[in-house]
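Here the structure comes first, spelled out in structure tokens, and everything after it is commentary.
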Amino acid sequence: MRQHEHTQSGPHEHHGHEEHAGATSWSMAAQATLHCLTGCAIGEVVGMAIGTALAWHNVPTMILAIVLAFVFGYSLTMRGVLRAGLDMRSALRVALAADTVSITIMELADNATIVVFPGAMDATLSDVLFWLSLALSFVVAFLVTTPVNKWMIGRGKGHAVVHQYH
């Protein structure tokens with residue numbers, strides 16, 4: 001029973017130097033968000049590049065970019081926990097628990113930014129506007145998602161699930 005209680009104790013057992021009495025640091029939340037944003041950015045750029053290069057319409061391009069953002073986001077987390085010795089099924093469960101809310105909020109924020117940015121939906125890979133609006137969308141996604149990650153980590157959810165494997 002004692003062992004089970006320890007594993008359910010949350011991130012405080014593993015990162016005491018970063019947290020005090022249950023308070024999650026902004027630094028930890030920012031690191032979790034950057035980790036998530038890395039996978040999302042790779043997926044978004046690859047998806048938008050493929051869709052744009054194939055002259056797809058906006059909706060299928062956006063869907064592909066979102067799907068790939070989730071794939072790359074989960075893959076980065078799985079890579080780390082697989083290295084820590086988890087089997088594939090357990091690693092997938094950890095990735096889903098750690099990243100789903102964060103990636104979802106990030107995708108909503110960055111895609112909403114692209115949609116409202118004048119001309120961004122019609123920009124092509126060779127347009128500065130394409131890259132500028134994409135960069136801005138990632139900044140917005142980071143700013144919107146970091147407080148959510150801070151809140152979730154402080155409750156032993158989200159990226160806190162991964163900490164025991166680092």
Side-chain angles (χ1 to χ4, degrees), residues 24 26-84 86-163 165-166:
T24 304
W26 282 104
S27 173
M28 181 184 289
Q31 288 174 0
T33 305
L34 284 174
H35 176 269
C36 189
L37 185 62
T38 300
C40 287
I42 293 168
E44 289 270 338
V45 170
V46 169
M48 288 185 192
I50 291 169
T52 303
L54 296 175
W56 288 0
H57 292 286
N58 291 336
V59 172
T61 298
M62 205 172 230
I63 291 170
L64 177 62
I66 291 168
V67 167
L68 290 178
F70 275 91
V71 168
F72 280 92
Y74 290 143
S75 295
L76 288 180
T77 297
M78 287 181 65
R79 188 178 122 229
V81 296
L82 285 168
R83 268 191 283 164
L86 262 64
D87 62 285
M88 185 65 78
R89 186 179 182 138
S90 297
L92 179 58
R93 278 195 217 134
V94 168
L96 292 172
D99 295 335
T100 299
V101 171
S102 184
I103 294 172
T104 299
I105 292 169
M106 198 166 282
E107 287 303 300
L108 288 169
D110 78 37
N111 283 289
T113 302
I114 296 281
V115 168
V116 300
F117 197 102
M121 291 296 289
D122 297 319
T124 63
L125 294 173
S126 61
D127 295 331
V128 171
L129 180 60
F130 175 90
W131 298 103
L132 180 65
S133 62
L134 189 60
L136 176 65
S137 77
F138 292 149
V139 170
V140 169
F142 177 83
L143 294 174
V144 169
T145 309
T146 299
V148 175
N149 280 336
K150 184 178 187 305
W151 182 83
M152 289 189 332
I153 292 168
R155 282 148 188 79
K157 308 277 186 218
H159 205 288
V161 175
V162 176
H163 289 170
Y165 302 105
H166 291 267

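- When side chains are defined from C-beta on, H35 does not count as touching Q31, because their heavy atoms never get closer than 4.5 Å.
- Summarising the geometry of I50 relative to L64, their closest heavy-atom pair is CG2-CD2, 3.7 Å, with the distance given to 0.1 Å.
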Check the pair N111 / S137 against side-chain contact (heavy atoms from CB on, under 4.5 Å), numbers first and verdict last.
CA-CA 7 Å; N111 283 289; S137 77; over 6 Å; no

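- For D127 and T124, the side-chain atoms include at least one donor-acceptor pair closer than 3.5 Å.
- Counting heavy atoms from C-beta on, the side chains of L125 and M48 never come closer than 4.5 Å.
- Side-chain contact check for F70 versus E107: some heavy-atom pair is nearer than 4.5 Å.
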Determine, stepwise, if the pair W56 / T52 fulfils side-chain contact (heavy atoms from CB on, under 4.5 Å).
CA-CA 6 Å; W56 288 0; T52 303; over 6 Å; no

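- Here CG of L76 is found 5.5 Å from CD1 of I42. Values are rounded to the nearest 0.5 Å.
- Considering only heavy atoms from C-beta on, E44 comes within 4.5 Å of F138 through its side chain.
- Of all non-hydrogen atoms in L86 and L82, the two that sit nearest each other are O-CD2, 3.3 Å.
- Annotation for M78 and A91: closest pair CG-O, 3.6 Å, computed over non-hydrogen atoms.
- Heavy atoms only, all atoms of each residue included: M152 and S102 are closest at CE-N, 4.4 Å.
- Side-chain contact, D87 with S90: a donor N or O sits under 3.5 Å from an acceptor N or O.
- Contact check for Y74 versus T100: side-chain heavy atoms found under the 4.5 Å cut-off.
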One pair to check against side-chain contact (heavy atoms from CB on, under 4.5 Å): N58 and D122. What are the steps and the verdict?
CA-CA 8 Å; N58 291 336; D122 297 319; 3.8 Å; yes

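- Distance check, rounded to the nearest 0.5 Å: CD1 of I103 to SG of C36 gives 4.5 Å.
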Is there a side-chain contact (heavy atoms from CB on, under 4.5 Å) between T33 and K150 once you walk through the steps?
CA-CA 9 Å; T33 305; K150 184 178 187 305; over 6 Å; no

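- Distance check, rounded to the nearest 0.5 Å: CD1 of I114 to CG of L136 gives 8.0 Å.
- Closest of all the heavy-atom pairs between A109 and A141 is CB-CA, 3.8 Å.
- Taking both residues in full, the closest heavy atoms of A120 and L129 are given as N-CD2, 4.0 Å, listed atom of the first, atom of the second, then distance.
- Residues T38 and F72 form no side-chain contact, since every pair of their non-hydrogen atoms from C-beta on lies 4.5 Å or further apart.
- Atom CG of residue L54 and atom OG1 of residue T61 lie 8.0 Å apart, to the nearest 0.5 angstrom.
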